[in-house]
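Notes to accompany the following structure.
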Amino acid sequence: RTKKKVEIKKFVINCAKPVEDEIFDMASFTKYLHDRIKVNGKTGNLGDDVKISNPTESSVEVTAKAPFSKRYLKYLTKRFLKGQTLRDYIRVIAGTQKNSYELKYFNVHNEEEEETAE
């Protein structure tokens with residue numbers, strides 16, 4: 001028998017802009033991820049497979065040994081934003097690195113200019 005090499009994936013969610021404006025609470029977001037991430041179909045079962053850390057005060061890093069998708073993190077982030085009623089103002093987009101996401105504001109300026117032009 002040969003042992004399968006365990007692939008470790010690292011994902012980063014950068015929340016710099018909302019954190020700077022003090023509308024986004026990193027501690028509650030980290031706790032939300034910790035409580036909601038499922039491992040083998042069960043929540044609260046992170047063990048050694050998934051580790052959540054805050055390398056900076058405005059980002060979250062999720063390191064996973066288990067099969068783990070980047071899309072699942074995006075889903076959980078959007079659910080958290082909806083619960084905080086921030087989903088209408090902030091969107092989750094792919095970051096500059098391969099395994100990262102960024103939280104950015106929707107462009108509201110264009111809509112305001114159109115309303116004043118009428």
Side-chain angles (χ1 to χ4, degrees):
R1 290 184 169 224
T2 59
K3 276 191 168 181
K4 280 188 177 179
K5 185 180 176 199
V6 177
E7 185 180 352
I8 296 175
K9 294 181 179 179
K10 187 186 286 187
F11 303 97
V12 177
I13 302 173
N14 184 358
C15 313
K17 291 205 170 63
V19 169
E20 284 171 18
D21 296 339
E22 297 179 1
I23 62 167
F24 193 82
D25 182 23
M26 284 304 293
S28 62
F29 179 55
T30 306
K31 183 180 181 337
Y32 181 86
L33 288 178
H34 195 279
D35 295 344
R36 301 293 166 100
I37 287 178
K38 287 186 176 183
V39 178
N40 297 328
K42 295 180 183 150
T43 57
N45 186 24
L46 297 183
D48 293 334
D49 292 339
V50 179
K51 292 193 176 20
I52 301 170
S53 63
N54 291 73
T56 65
E57 59 192 37
S58 64
S59 69
V60 174
E61 187 176 273
V62 178
T63 309
K65 290 180 190 171
F68 198 84
S69 73
K70 182 180 170 187
R71 185 92 184 123
Y72 182 51
L73 264 185
K74 183 175 185 178
Y75 163 75
L76 287 172
T77 306
K78 287 165 93 173
R79 291 258 327 247
F80 177 78
L81 290 172
K82 181 119 172 105
Q84 302 291 313
T85 62
L86 295 171
R87 187 78 183 91
D88 297 335
Y89 314 107
I90 299 174
R91 64 188 195 153
V92 184
I93 59 171
T96 51
Q97 282 91 26
K98 183 182 174 209
N99 286 337
S100 70
Y101 280 119
E102 281 183 52
L103 298 187
K104 291 204 170 175
Y105 290 109
F106 280 111
N107 256 348
V108 184
H109 301 297
N110 296 343
E111 294 171 16
E112 290 174 2
E113 288 171 10
E114 288 172 11
E115 288 173 12
T116 55
E118 290 176 5

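Nearest heavy atom pair, residue E102 against residue T96, reads OE2-N, 3.8 Å. Pairing each heavy atom of K17 with each of L103, the nearest pair is CB-O, 4.4 Å. The two residues S59 and V12 have their closest heavy-atom pair at CB-CG1, 4.4 Å. Taking both residues in full, the closest heavy atoms of T43 and R36 are given as CG2-O, 3.7 Å, listed atom of the first, atom of the second, then distance. Contact between I52 and L33 at its shortest, heavy atoms only, is CD1-C, 3.8 Å. L73 and F11 get closest at one heavy-atom pair: CD1-CB, 3.4 Å.
For D21, the CG atom counts as densely surrounded, since its 6.0 Å shell holds more than 12 non-hydrogen atoms of other residues, nucleotides or ligands. Around atom NZ of K51, more than 12 heavy atoms belonging to other residues, nucleotides or ligands sit under 6.0 Å away.
Side-chain contact between I23 and Y105: present, with at least one pair of heavy atoms (C-beta onward) separated by less than 4.5 Å. Two residues are said to be in side-chain contact when any heavy atoms from C-beta on lie closer than 4.5 Å; D88 and F106 fail this criterion. E57 has its side chain out of reach of V19: every pair of non-hydrogen atoms, C-beta onward, lies at least 4.5 Å apart.
Here the CG-CD distance, from N14 to Q97, works out to 9.0 Å after rounding to the nearest 0.5 Å. How far CZ of F68 is from NZ of K10: 14.5 Å, rounded to the nearest 0.5 Å. One finds the NZ atom of K9 at 8.0 Å from the CG atom of N99 (value rounded to the nearest 0.5 Å). Atom CG of residue L81 and atom CG of residue L76 lie 11.0 Å apart, to the nearest 0.5 angstrom. Distance OH/Y89 to CD/Q84: 13.0 Å, rounded to 0.5 Å. Taking OG1 from T56 and CE from M26, the interatomic distance works out to 7.0 Å, rounded to the nearest 0.5 Å.
Ring geometry for F80 versus F24: interplanar angle over 60°, hence perpendicular rather than tilted (30 to 60°).
Distance alone, capped at 3.5 Å, is enough to place a donor-acceptor pair between the K70 side chain and the K98 backbone.
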Check the pair T77 / F29 against side-chain contact (heavy atoms from CB on, under 4.5 Å), numbers first and verdict last.
CA-CA 8 Å; T77 306; F29 179 55; 3.6 Å; yes

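A side-chain N or O of R79 and one of Y75 form a donor-acceptor pair less than 3.5 Å apart.
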